[in-house]
Number of protein chains: 4
Amino acid sequence: MKKRISVIGAGTCGPETEALAERLGFLIAENGFDLVCGGRMGVQRAACRGAKTAGGRTVGILPGLDFAQANEFVDVPVITGLGHMRNFLVVKNGDAAVAVEGGAGTLSEIGLALKSGIPVVALGHWSGIEGVRPAKGADEAMDILKTLVNG
Amino acid sequence: MKKRISVIGAGTCGPETEALAERLGFLIAENGFDLVCGGRMGVQRAACRGAKTAGGRTVGILPGLDFAQANEFVDVPVITGLGHMRNFLVVKNGDAAVAVEGGAGTLSEIGLALKSGIPVVALGHWSGIEGVRPAKGADEAMDILKTLVNG
Amino acid sequence: MKKRISVIGAGTCGPETEALAERLGFLIAENGFDLVCGGRMGVQRAACRGAKTAGGRTVGILPGLDFAQANEFVDVPVITGLGHMRNFLVVKNGDAAVAVEGGAGTLSEIGLALKSGIPVVALGHWSGIEGVRPAKGADEAMDILKTLVNG
Amino acid sequence: MKKRISVIGAGTCGPETEALAERLGFLIAENGFDLVCGGRMGVQRAACRGAKTAGGRTVGILPGLDFAQANEFVDVPVITGLGHMRNFLVVKNGDAAVAVEGGAGTLSEIGLALKSGIPVVALGHWSGIEGVRPAKGADEAMDILKTLVNG
């Protein structure tokens, strides 16, 4: 199977963060990875849109039990009913994770990823957390992700 | 999104049950549905193989955290680490479920499906359970499933 | 730690089933077991009330995230947010399970218990399911449970 | 029901951190709260021991399906089979959480707590995280927790 990158981050965001997430999603697909995310809005939606522009495949692991929670760029929605516990599945279903800004939910995903051996790259807010690899932009993040996943 | 049928049933089975599950998987894909299953062996693998022969798409919701648990006909494996609790996600990610033989695990999936409003068709072992719609073969099961899902 | 018996069954029930569940809860506590259940109404509440009358301890594993879901006879409520998936935790946190009537939710618990090696005694509705030990009343159920748990 | 404080933190720790956690557990029980934790070793075990010394009650929400994972000071072990996802249940079953040192697992618990509205006090390692209330010792932490929980 194709390697996968999980994109995590702010559920609502401004145009700058959105553009960053979209570029990241584009690069993920262009580099031959499937994109995994929480399937919803903000960074998740922007990253999915970018991945679809590059012809990629997107998996959205949703917190609730309603497929309508998924944004329109998710190819394979998976409902879980796990609420915040689904955050673990978002990061664990990838070979690496990349955080774009985000709040406490993103912080929990970073913790769960690091705890279970998934490497994390971060742009913005949480890039100073111990164990996380900081990146300055989408292209640098992609370079680090490729090294992490392909060895 | 495409409607989905969940296939549940025996994790190990003889050639007759396998042929039945494969035919069912083929019909599910041929009729334009995505196939959801537990992603593993026996009925799950045979149904996925049938769906792939008909050019369909297969989602496998795995009990553990290892993608290698998935059979080779799963297009989109999803690891969960939920063990037997993932049975709920297998049935709930479909618009209807169909059981092909099976033991206590399949029984739990039937109960979870009925409890959460997912209609169930059964071939063989559990077809006498209250609330389940019995079918005599793959083609009859498919006819009932189409009526259930498309209304 | 004390051995535990899980009581599963109808979420709403008439006075006869309620009396049966209450007697069963009483016997469980009187025989020195902790009682585990889903923490809510019907058979669960009646069994908890019986256990408290006998001075026992009751654990309620709730489907949602609101402690107010627990009935007033639950000593230790545990919120899960797992919805129907919490059914697995109800049976798996006991050394044996006993079903008193019930519908599809109880059926899922019976399947999950049997699948994961928890023996099941049933009164009423589901007592004919393969693998389940049928009982005629609370006292007979208790006798079987003691043999199952204490060997 | 009694209010509850969740104690999270390092799974293995030196004597100084252990003494801190034990003092905290003692104070939690002495102030009339039940103690919730992950049920295992290090900070969890030390806090449980402290709570038992003060005559309190301890609930341990375990990651696996084996009661033997619980430390000897857990009164009510709950097995979950959820692995790292159980971290959410540890914090969500309390009215407030307090972190004593800890690594990525503790970080995930802090994120999950903050995301779901559970206030967090931290001693040591993660006390600088945005949204967390830092404390200098067990007694100060207890004072903050009382204010948070009792209003």
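Lettering follows sequence order; numbering is per chain, from 1. Everything quoted here is computed from the prediction, not taken from an experiment.
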More than 12 heavy atoms of other residues, nucleotides or ligands under 6.0 Å from NZ of D:Lys52: is that the case?
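Yes, enclosed.
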Take atom CD in C:Glu16; do more than 12 heavy atoms of anything else shown fall under 6.0 Å from it?
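No, because the 6.0 Å sphere around CD of C:Glu16 holds 12 heavy atoms or fewer from other groups.
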Could you have a look at C:Asp34, C:Val59, C:Leu65 and say which one has the most heavy-atom pairs with chain D under 4.5 angstrom?
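Among C:Asp34, C:Val59, C:Leu65, the one with the most close pairs to chain D is C:Leu65.
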Taking all non-hydrogen atoms of both residues into account, name the closest pair between D:Arg4 and C:Pro77 and its distance.
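Distance-wise, the nearest heavy atoms are NH2-O, 2.6 Å.
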Taking all non-hydrogen atoms of both residues, which atom of C:Val78 and which atom of D:Asn93 are closest, and how far apart?
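Heavy atoms of C:Val78 and D:Asn93 come nearest at CA-OD1, 3.5 Å.
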Working to the nearest 0.5 angstrom, can you tell me the gap between C:Phe88 CZ and D:Leu82 CG?
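Nearest 0.5 Å value for the CZ-CG distance: 9.0 Å.
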Supply the atom-to-atom distance D:Lys92 NZ to C:Thr80 OG1, rounded to the nearest 0.5 angstrom.
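Between D:Lys92 NZ and C:Thr80 OG1, I get 12.0 Å after rounding to 0.5 Å.
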Between C:Arg57 and chain D, which part of the residue has a heavy atom less than 4.5 Å away: side chain, backbone, both or neither?
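Just the side chain, heavy atoms under 4.5 Å.
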Using heavy-atom distances under 4.5 Å, tell me whether D:Leu89 contacts chain C through its side chain, its backbone, both, or neither.
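Side chain only.
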